[in-house]
Amino acid sequence: MLSRATYQANAAITDHTHHCSNRFFNSNSISIPHRKSFVSSTSVARTGPVLAVATNETKNKQFTYEPSLADRLRLGSMTDDGMSYKEKFIVRCYEVGINKTATVETIANLLQEVGCNHAQMVGFSTDGFATTHTMRKLHLIWVTARLYIEIYKYPAWSDVIEIETWCQSEGRIGTRRDWILRDCATGDVIGRATSKWLMMNQDTRRLQKVADEVRDELSTYFPKELRLAFPEENNGSLKKIAKLEDPAEYSKLGLVPRRADLDMNQHVNNVTYIGWVLESMPQEIIDTHELETITIDYRRECQQDDVVDSLTSYEPIEDAAGLEIHGAANGSATAPKDVNKSFLHLLRLSGDGLEINRCRTEWRKKPARI
């Protein structure tokens with residue numbers, strides 16, 4: 001079992017030859033690194049398996065890829081083995097929050113961005129979120145089933161981070177996407193994330209199994225061996241989220257989606273739910289702690305006209321006898337000041353109480369700012 005510190009150290013050593021600062025900065029100026037064939041102003045011929053429309057047979061075929069202006073300016077490229085994608089981002093002033101660091105919503109948006117850019121780089125998702133050619137033909141889209149984010153250090157305004165992502169199969173009903181976040185100035189791993197995705201029919205809004213044709217399209221770009229952002233046993237991404245029981249200790253009622261909260265698939269973007277969850281966090285925790293991990297299970301779509309209630313309570317813990325208690329080591333005034341806090345969250349429809357998603361968060365004391 002790898003400890004978090006061991007994982008970070010190994011990851012930093014492994015990535016030493018690709019140290020971001022050596023590739024991205026020099027002492028006098030900032031330069032865009034050479035991006036192989038993707039920055040060419042002319043058409044680029046790629047060779048790869050293409051599914052024949054009539055016979056479903058896989059054939060090697062040359063097809064032409066014309067880099068867009070965004071491709072030329074984007075600081076991202078496939079890794080040498082073609083099994084993952086890396087992209088650098090500068091943290092903008094409007095992406096930081098009250099802690100003067102990037103917010104968790106910013107991190108989640110960047111994860112989504114690099115995932116979509118990965119899909120575009122391999123020729124998918126020209127008009128949707130990581131959809132393949134067959135998916136668009138059959139009106140199929142991806143929806144998030146679970147998202148887990150673990151942040152060790154939040155980047156500040158003007159920091160440069162590099163995010164690596166890859167996708168692989170998750171049984172017969174979905175796929176998973178993992179991410180590793182690194183500080184480009186040091187090469188240190190500052191965060192990891194993983195997610196599970198299910199396939200939905202865009203017209204019927206019903207889930208369905210991943211068709212063999214779609215899996216064949218995707219598998220070309222899957223790692224040949226299972227690769228996990230969280231290889232440790234019993235890591236936080238595997239923890240089940242208990243249902244928050246009424247009455248909740250904290251609540252924010254009557255939240256309404258804005259038009260800007262809808263994505264290209266006409267449902268509320270998954271990052272919006274994270275913001276709604278945090279709306280019901282107690283202010284004293286926001287003032288003294290920062291979010292370390294967040295797990296969110298997506299259970300129901302939210303439409304533009306829905307009204308949402310956000311509920312939060314301290315997570316019950318177990319004593320030595322295995323009995324649930326609600327104080328002492330988590331939420332009570334007698335708890336040690338340096339102990340991390342954990343919470344359970346529930347988003348539900350205001351009218352009928354139907355569950356939209358459930359969430360679990362862990363918070364650590366804010367570091368001293370220089």
Side-chain angles (χ1 to χ4, degrees), residues 83-85 104-105 107-119 122 124-125 128-132 135 140-151 163-181 191-202 205-212 214-219 221-223 225-243 263-265 267-274 277 293-302 344-347 355-362:
M83 296 294 104
S84 68
Y85 172 82
V104 67
E105 292 100 319
I107 298 297
N109 274 318
L110 291 178
L111 298 181
Q112 184 168 270
E113 173 71 8
V114 73
C116 289
N117 290 346
H118 177 206
V122 299
F124 299 153
S125 194
F129 286 146
T131 51
T132 70
M135 288 178 66
L140 301 174
I141 58 175
W142 293 113
V143 293
T144 316
R146 167 172 274 217
L147 175 65
Y148 176 78
I149 304 174
E150 194 168 287
I151 302 296
I163 304 177
E164 180 182 7
T165 187
W166 63 96
C167 189
Q168 52 203 333
S169 180
E170 181 75 8
R172 293 294 301 170
I173 62 173
T175 61
R176 64 177 293 145
R177 179 174 287 279
D178 289 35
W179 299 265
I180 294 177
L181 296 81
R192 294 180 285 168
T194 187
S195 60
K196 295 181 180 180
W197 298 75
L198 302 177
M199 188 168 289
M200 174 185 282
N201 186 291
Q202 192 169 15
R205 315 307 286 184
R206 292 183 179 276
L207 299 177
Q208 66 180 67
K209 291 183 179 181
V210 179
D212 290 338
V214 174
R215 195 172 298 278
D216 288 342
E217 289 176 306
L218 294 170
S219 61
Y221 306 101
F222 288 170
E225 297 181 359
L226 183 64
R227 182 189 178 194
L228 303 176
F230 298 92
E232 308 95 320
E233 295 180 8
N234 302 319
N235 64 79
S237 72
L238 304 176
K239 185 178 179 65
K240 291 185 177 180
I241 305 176
K243 184 177 181 180
D263 60 25
M264 290 184 284
N265 294 327
H267 59 224
V268 173
N269 188 281
N270 55 39
V271 178
T272 298
Y273 297 110
I274 296 176
V277 163
T293 73
I294 181 169
T295 315
I296 185 165
D297 285 340
Y298 298 88
R299 296 174 176 268
R300 183 181 301 275
E301 278 193 290
C302 187
L344 296 177
H345 310 268
L346 177 68
L347 294 182
E355 184 177 354
I356 300 172
N357 59 44
R358 61 180 67 176
C359 180
R360 181 180 182 272
T361 59
E362 293 183 72

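Between Arg176 and Leu228 the shortest side-chain heavy-atom distance falls below 4.5 Å. Between His267 and Val143 the shortest side-chain heavy-atom distance falls below 4.5 Å. Looking at Phe222 and Ser169, their side chains come closer than 4.5 Å, going by heavy atoms from C-beta outward. Looking at heavy atoms from C-beta onward, Trp197 lies out of side-chain contact with Cys167 at the 4.5 angstrom threshold. Side chains of Thr361 and Thr293 form no contact here, defined as non-hydrogen atoms less than 4.5 Å apart. Residues Trp142 and Val210 are in side-chain contact: their nearest non-hydrogen atoms beyond the backbone lie under 4.5 Å apart. The shortest side-chain heavy-atom distance between Leu346 and Glu355 falls under the 4.5 Å cut-off. In this structure, Met83 and Trp166 have side chains that are not in contact, with every pair of non-hydrogen atoms separated by 4.5 Å or more.
Nearest heavy atoms, Leu238 versus Asn234: CD1-N, 4.2 Å.
If you take OG1 on Thr165 and CG on Asn117, they are separated by 10.5 Å, rounding to the nearest 0.5 Å. The OG1 atom of Thr132 sits 11.5 Å away from the CZ atom of Arg215 when rounded to the nearest 0.5 Å. Between the OG1 atom in Thr194 and the CG atom in Asn235 there is a gap of 8.5 Å [rounded to 0.5 Å]. Glu362 CD to Glu150 CD: the interatomic distance, rounded to the nearest 0.5 Å, is 8.0 Å. In this structure, CD1 on Ile356 lies 11.0 Å from CD on Glu301, to the nearest 0.5 angstrom. Rounding to the nearest 0.5 Å places CG of Leu181 at 5.5 Å from CG of Leu111.
Only one option out of Thr272, Val271, Leu110 pairs with Glu105 in a side chain to side chain contact (heavy atoms under 4.5 Å, CB included); it is Val271. Exactly one of Met200, Arg205, Arg206 qualifies for a side chain to side chain contact (heavy atoms under 4.5 Å, CB included) with Gln202. That residue is Arg205.
Of the possible donor and acceptor atoms, one in the side chain of Ser195 sits under 3.5 Å from a partner among the backbone N and O of Arg177. Under the 3.5 Å distance criterion, the side-chain polar atoms of Tyr221 are left unmatched by any main-chain donor or acceptor of His118.
With sequence neighbours excluded, the residues forming a side-chain contact (heavy atoms from CB on, under 4.5 Å) with Thr295 are Arg146, Tyr148, Ile241, listed by chain and number.
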What verdict does the side chain to side chain contact (heavy atoms under 4.5 Å, CB included) test give for Phe124 and Met135, after you've listed the backbone C-alpha separation in whole Å, the side-chain angles of each residue and the deciding distance to 0.1 Å?
CA-CA 10 Å; Phe124 299 153; Met135 288 178 66; over 6 Å; no
Evaluate Asn269 against Gln112 for side chain to side chain contact (heavy atoms under 4.5 Å, CB included), listing each step before the verdict.
CA-CA 10 Å; Asn269 188 281; Gln112 184 168 270; 3.1 Å; yes
Show the numbers, then the answer: is there a side chain to side chain contact (heavy atoms under 4.5 Å, CB included) between Arg299 and Asp297?
CA-CA 6 Å; Arg299 296 174 176 268; Asp297 285 340; 4.2 Å; yes
Step-by-step side chain to side chain contact (heavy atoms under 4.5 Å, CB included) determination, Tyr273 to Cys302
CA-CA 9 Å; Tyr273 297 110; Cys302 187; 3.1 Å; yes
I'd like to know whether Glu225 forms a salt bridge (Lys or Arg N to Asp or Glu O under 4.0 Å) with Arg227, so could you lay out the CA-CA distance, the side-chain angles of the two residues, the decisive distance to 0.1 Å, and finally the verdict.
CA-CA 6 Å; Glu225 297 181 359; Arg227 182 189 178 194; over 6 Å; no
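Between Arg192 and Glu232 a salt bridge is recorded (basic side-chain N to carboxylate O distance below 4.0 Å).
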